[in-house]
Amino acid sequence: MASKARKAAVKMTHFKDGLKTNIRAQMAVAGPPLGTQLGQMGINIANFVKDFNLRTSIFREGIPLPCRVSVNPDRSYNLVIHHPTSTYLLKQAAGIERGAMQHSDEVAGYLTRKHIYEIAKIKSQDPPLQMVDLQEICQDLIDTAFTCGIRVVDNLDPDEYQEFLDARKEIIAQQKEELKAIKEAKLLRTV
């Protein structure tokens, strides 16, 4: 009797932490890497994929969603899907595809305080941030924006900002060429 209780306790603690990962909306597939992670936890992968894709149908396809999966002792699971990541929302609001390579030296985009406030209202609905003050969430978003190279300003002129984005596209193309040249140089050294 005592040995059965120990085996049950071992099974419960095995799935204690669960899985924390970012999955793109409506794009969960049974293959790696998600399928192998879920398979190790003993979850029915086909049901999980169907459930996840159905629950994320309200989001545009491809948006990265932070997910928390915990497994019950009977191999059923609890799936908690949060709103899109902060960096994704900040880059979308700024109209940029990628952040700055060196955030302290270059500016990738600009946002107003109103943008930050609207994103903070969205993120405050996530379970870990439900009891956090909105001002703290705004400060965290401003810090995250800074690490992405996005500066927060009071006012933003749309015409000037469009000119900035056009100039930024040229800088990004130049950076991509430099990175490509560095990668090719490394490949030549290894051959």
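Please read all numbers here as calculations on a predicted model, not as lab measurements.
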### Query
Are Arg168 and Glu106 ion-paired here, with the side-chain N under 4.0 Å from a carboxylate O?
yes
### Query
Picking from Ile119, Asn22, Leu89, what satisfies side-chain contact (heavy atoms from CB on, under 4.5 Å) with Pro84?
Leu89
### Query
At what distance, to the nearest 0.5 angstrom, does SG of Cys138 lie from NZ of Lys121?
10.5 Å
### Query
What closest approach, in Å, do Ala108 and Ile96 show between heavy atoms, and which atom pair accounts for it?
O-CG2, 3.3 Å
### Task
Would you confirm whether Asn72, through its side chain, and Asp74, through its main-chain N or O, come within 3.5 Å as a donor-acceptor pair?
no
### Query
Does Gln162 reach the side chain of Asp166, with side-chain heavy atoms less than 4.5 Å apart?
yes
### Query
Sub-3.5 Å donor-acceptor pair from the side chain of His115 to the main-chain atoms of Thr112, do we have one?
yes
### Query
Which heavy-atom pair separates Pro127 from Val80 by the least distance, and what is that distance?
CG-CG1, 3.9 Å
### Gap separating the CG atom of Leu90 from the NZ atom of Lys123, nearest 0.5 angstrom
9.5 Å
### Message
Are more than 12 heavy atoms, taken from residues, nucleotides or ligands other than Tyr117, located less than 6.0 Å from that residue's OH atom?
### Response
no
### Message
I'd like to know if Leu141 and Phe146 are part of one continuous hydrophobic network [Ile/Leu/Val/Met/Phe/Trp/Tyr, side-chain heavy atoms within less than 4.5 Å].
### Response
no
### Query
Do any N or O atoms from the side chain of Thr144 and from the backbone of Asp140 form a donor-acceptor pair under 3.5 angstrom?
yes
### Atom of Cys67, atom of Ile23 and distance for their closest heavy-atom approach
SG-CD1, 4.1 Å
### Query
Same cluster for Met41 and Phe52 if Ile/Leu/Val/Met/Phe/Trp/Tyr side chains link at under 4.5 Å?
yes
### Query
About how many Å separate CD of Gln174 and CG of Leu179, when rounded to the nearest 0.5 Å?
11.0 Å
### Donor + acceptor pair across side chains of Tyr77, Asp51 (<3.5 Å)
yes
### Atom of Gln26, atom of Phe59 and distance for their closest heavy-atom approach
NE2-O, 2.7 Å
### Query
Do the side chains of Val152 and Ile122 join up, straight or via other hydrophobic residues, at under 4.5 Å, putting them in one cluster?
yes
### Query
Counting distance only, does the side-chain N/O of Asn53 pair as donor-acceptor with the main-chain N or O of Ala28 below 3.5 Å?
yes
### Query
Any donor and acceptor pair, going by atom type alone, linking the side chain of Arg98 with main-chain N or O of Lys91 inside 3.5 Å?
no
### Query
Around Asn155, counting heavy atoms of other residues, nucleotides and ligands shown, do more than 12 lie under 6.0 Å from its CG?
no
### Task
Taking the side chain as every heavy atom from C-beta outward, state whether Glu61 and Arg24 have any pair of such atoms under 4.5 Å apart.
no
### Task
Might you confirm whether atom CD of Gln102 has over 12 heavy atoms from other residues, nucleotides or ligands at distances under 6.0 Å?
no
#### Entry: Nearest-0.5 Å distance that lies between atom CG in Asp157 and atom CD in Glu163
8.5 Å
### Message
Rounded at 0.5 Å granularity, tell me how far CZ in Arg68 sits from CG in Leu19.
### Response
9.0 Å
### Task
Report whether Met27 and Leu65 are members of the same hydrophobic cluster (ILVMFWY, side-chain heavy atoms less than 4.5 Å apart, transitive linking).
no
### Query
Ile142 and Ile116: side chain to side chain contact (heavy atoms under 4.5 Å, CB included), yes or no, with the steps?
CA-CA 7 Å; Ile142 290 171; Ile116 296 292; 4.1 Å; yes
### Student check: side-chain heavy atoms of Arg113 and Asp154 closer than 4.5 Å
yes
#### Entry: Gln92, CD: over 12 other non-hydrogen atoms inside 6.0 angstrom
yes
### Message
Quick check for you: to the nearest 0.5 Å, what is the distance between Ser76 atom OG and Asn47 atom CG?
### Response
11.0 Å
### Message
So does Pro32 get a backbone contact from the side chain of Thr36, meaning a donor-acceptor N/O pair under 3.5 Å?
### Response
no
#### Entry: Heavy-atom closest contact (Leu79 atom, Arg55 atom, distance)
O-NH2, 3.1 Å
### Heavy-atom donor-acceptor pair, Tyr161 side chain to Ala94 backbone, under 3.5 Å
yes
### Query
Does a donor on one side chain sit under 3.5 Å from an acceptor on the other, for Asp126 and Gln130?
no
### Query
Should Val153 and Ile150 be regarded as members of a common hydrophobic cluster, given that ILVMFWY residues are connected when their side-chain heavy atoms come within less than 4.5 Å of each other, either directly or indirectly?
yes
### Task
Would you check, one step at a time, whether the test side chain to side chain contact (heavy atoms under 4.5 Å, CB included) holds for Glu184 with Lys180?
CA-CA 6 Å; Glu184 288 175 355; Lys180 186 176 179 183; 3.6 Å; yes
### Task
Determine the minimum heavy-atom distance between Ser124 and Ile137, stating which atoms define it.
CB-CD1, 3.7 Å
